[in-house]
Number of protein chains: 2
Amino acid sequence: MRLATEPLKTQKVYLLLRDKVVSGELRAGARLPSEFALAQQYAVSRVTVRLALDLLAKENLVEKRVGSGTYVKGAEFGQPVTADLSNAFAHLIEMGRSTAVRLIAFEYVEPPEKVAEALRVDADERVQKSVRVRSFDDVPFSYLTAYVPERIGREYSRDDLAHMALLELMERSGLRAETAWQEVGAVLANPEVAEALGIGVGSPLISLTRVVHGKNGRGMEYLQALYRPDRYSLQMNLVRKGGEGSRHWSPTSEVYRSERAPRPRAIKRKVKT
Amino acid sequence: MRLATEPLKTQKVYLLLRDKVVSGELRAGARLPSEFALAQQYAVSRVTVRLALDLLAKENLVEKRVGSGTYVKGAEFGQPVTADLSNAFAHLIEMGRSTAVRLIAFEYVEPPEKVAEALRVDADERVQKSVRVRSFDDVPFSYLTAYVPERIGREYSRDDLAHMALLELMERSGLRAETAWQEVGAVLANPEVAEALGIGVGSPLISLTRVVHGKNGRGMEYLQALYRPDRYSLQMNLVRKGGEGSRHWSPTSEVYRSERAPRPRAIKRKVKT
DNA sequence: CAAATCTATCTTATTTTTAGGACAGCTTTT
DNA sequence: AAAAGCTGTCCTAAAAATAAGATAGATTTG
């Protein structure tokens with residue numbers, strides 16, 4: 001297994017500057033301080049600053065102009081292609097349709113403790129574990145690990161899974177999802193996931209864990225989803241409902257942002273012989 | 001400015017292992033693979049693995065036993081203390097009450113472009129920028145950067161902000177939030193944030209960006225929140241609404257997980273003279 | 001009790017990163 | 001046109017991180 005990243009100080013300067021650019025603290029078109037000035041500011045050598053800037057340039061966040069300076073290259077990532085979907089469930093189905101899926105793993109295994117608990121499967125029951133990578137415009141953006149009780153999993157084939165959304169398959173089998181719980185967090189990409197998503201090990205990922213229950217309260221699906229935050233984000237609109245005194249907010253929609261930079265970003269990885 | 005962190009590969013192995021421990025993939029009491037095995041697995045030297053493990057041990061996440069192995073030291077963070085709140089808005093207020101806040105910055109500035117756009121402030125209008133760190137049990141878990149149009153910001157004092165939730169202050173001034181948009185993502189901690197949250201640079205964070213609009217459609221607040229995923233998570237329950245054919249899901253509540261490990265974790269930082 | 005396994009410690013060598021500077025050439029300003 | 005300031009490139013040296021292996025002592029297993 002290979003661990004590849006930017007060196008230490010470089011990485012740090014890179015992150016600091018990236019933050020300033022992305023957050024908008026440095027506006028589009030603005031010139032960054034000179035490499036020398038930055039070097040002094042962060043108490044590192046010019047070499048280091050230079051490496052950091054090169055990373056930003058490769059990401060298309062800044063532009064270096066010889067003899068002039070380094071400029072923030074914003075303004076292009078203004079209009080992300082978004083698909084506004086009116087509810088969560090349709091969203092899931094839609095995702096299954098409009099994006100390409102690669103099925104990486106498909107097997108029946110003993111469930112990890114957490115999964116067994118969440119799905120409330122019988123002690124001896126096995127679960128179907130599948131790993132899928134979803135892409136949009138040939139750029140992978142999500143890494144999905146799903147666990148489904150065997151009795152449910154047998155209702156569809158390996159091939160089905162590669163073509164249809166999981167919940168859609170379940171609907172087809174007459175199973176109806178009733179309730180779901182989900183949790184959002186952030187994790188770092190491990191080598192396996194990093195490879196599949198074309199990012200560096202240690203990149204930040206959105207983690208979404210969802211447990212779907214059916215009518216009888218038994219678990220239907222345990223999903224662990226990892227998303228590249230630059231390619232996918234969870235968005236929601238909240239509207240205050242009810243009258244004057246009410247403090248109730250209600251989400252109205254979830255938005256799926258597919259794109260930010262126009263072209264598939266080159267896979268950044270150091271390859272050693 | 002001083003940049004201090006763990007070395008590169010060490011840092012990475014540390015983060016990867018930490019993730020496995022915190023996420024529960026490695027259960028409390030379980031023995032990690034031997035140092036040698038880990039070294040092979042991650043293709044690094046034993047020295048590196050060792051450094052990473054030492055960091056985990058210092059954090060009290062694992063325990064090293066001479067001659068035996070390294071063990072996950074969990075069991076304490078079994079039951080996250082959760083406060084189940086029935087809606088988003090009350091949630092925000094509640095957060096303001098039950099947790100301690102440290103006001104790091106409070107000033108009136110020209111808004112970053114993004115903010116100006118989102119809030120639709122006048123070209124020359126300034127905004128109040130505040131940075132707050134919220135703690136629970138003396139452990140910081142969120143880093144909040146809020147922008148409020150000056151005319152609204154003047155309605156309350158610096159001191160108010162250190163004691164009450166922002167939206168609550170607005171309500172007090174007779175302003176009502178009507179709609180909001182929010183986006184969830186993941187980012188890496190930069191040195192500033194890392195310092196404030198007591199974590200290492202490059203740790204993963206949940207990023208939540210929210211824009212709150214009032215009645216007239218003008219912006220009231222632009223919030224950029226960063227959360228430690230091990231101390232805070234966004235949870236929601238979804239319930240299918242409507243009859244047979246309906247595919248509508250509706251969130252019912254948001255849950256705030258305040259705690260995971262019992263005691264304030266020591267701030268891990270290398271201090272260089 | 002012996003064998004196997006594991007962590008602790010130390011040593012040496014190699015690789016990678018960073019520092020610090022010099023200089024050429026391009027751009028902008030004066 | 002000259003001056004000032006900037007990036008691109010190259011070089012040398014120091015510092016830091018990592019690799020790889022040997023050995024000692026603790027612990028567990030058979």
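Residue numbers start from 1 in every chain, and the chains themselves are labelled A, B, ... in the order their sequence lines are given, proteins ahead of strands. Reckoned from all heavy atoms, side chains included, excluding hydrogens, waters and symmetry mates.
- With D:dT18, C:dA19, C:dC26 as the choices, the nucleotide that has an atom nearest any side-chain atom of A:Ser45 turns out to be C:dA19.
- Ion pairing between a basic and an acidic side chain is recognised when a charged N comes within 4.0 Å of a carboxylate O; B:Lys73 and B:Glu63 show no such pairing.
- Rounded to an integer number of Å, the gap from CZ of A:Arg31 to P of C:dT27 is 15 Å.
- The listed nucleotides are C:dT28, D:dA19, C:dT7; the one nearest the side chain of B:Lys64 is C:dT7.
- Going from atom CG of B:Leu51 over to atom P of D:dA16 covers 15 Å, rounded to whole Å.
- Put simply, CZ on A:Arg132 and CD1 on A:Ile104 are 11.0 Å apart, with the number rounded to the nearest 0.5 Å.
- Between the CZ atom of A:Arg18 and the CG atom of A:Leu55 there is a distance of 10.5 Å, given to the nearest 0.5 Å.
- Remark: B:Glu192 CD is loosely packed, at most 12 non-hydrogen atoms of other residues, nucleotides or ligands lying under 6.0 Å away.
- Listed candidates were C:dA19, C:dT7, D:dA19. Nearest to the side chain of A:Val44 is C:dA19.
- Nearest to the side chain of A:Arg46, among D:dT18, D:dT9, C:dA19, sits D:dT9.
- For B:Glu35, whose side chain is taken as the heavy atoms from C-beta onward, the closest listed nucleotide among C:dT18, D:dT27, C:dA8 is C:dA8.
- Taking 4.0 angstrom as the limit, A:Thr70 places none of its side-chain polar atoms (N or O) nearer than this to OP1 or OP2 of D:dC6.
- With axes fitted over five pairs at each extremity, the angle between the ends of the helix from C:dC1-D:dG30 to C:dT30-D:dA1 is 40° (10° resolution).
- The NZ atom of A:Lys9 sits 8 Å away from the P atom of D:dA16 (whole-angstrom rounding).
- Within the 4.0 Å cut-off from OP1 or OP2 of D:dA19, at least one side-chain nitrogen or oxygen of B:Thr48 is found.
- A:Arg228 places a side-chain N or O within 3.5 Å of a backbone atom of A:Leu197 that can act as its donor or acceptor partner.
- In this structure, A:Phe36 places its CZ atom 13 Å from C1' of C:dA19, rounding to the nearest Å.
- In this structure, B:Arg65 atom CZ and C:dT5 atom C1' are separated by 15 Å, rounded to whole Å.
- What separates OH of A:Tyr42 from P of C:dT18 is a distance of 16 Å, to the nearest Å.
- With C:dT28, D:dT7, C:dA8 as the candidates, the nucleotide lying closest to the side chain of A:Arg50 is D:dT7.
- Separating the CG atom of B:Leu53 from the P atom of C:dT7 is a distance of 8 Å, rounded to the nearest angstrom.
- Taking a 6.0 Å sphere around CD of B:Glu110, one finds it holds 12 or fewer heavy atoms contributed by other residues, nucleotides or ligands.
- For B:Arg126 (side chain) and B:Tyr108 (main-chain N/O), a donor-acceptor pair under 3.5 Å exists by modelled atom type.
- Place A:Val47 and B:Gly67 on DNA chain D by their nearest nucleotides, and A:Val47 ends up nearer the 5' end.
- Among the nucleotides D:dC6, C:dT7, C:dT27, the one closest to the side chain of A:Ser34 is D:dC6.
- Under the 30°/60° scheme for interplanar angles, the aromatic rings of A:Phe136 and A:Phe141 are found to stand perpendicular.
- B:Leu38 places its CG atom 12 Å from the C1' atom of C:dC6, with the value rounded to the nearest Å.
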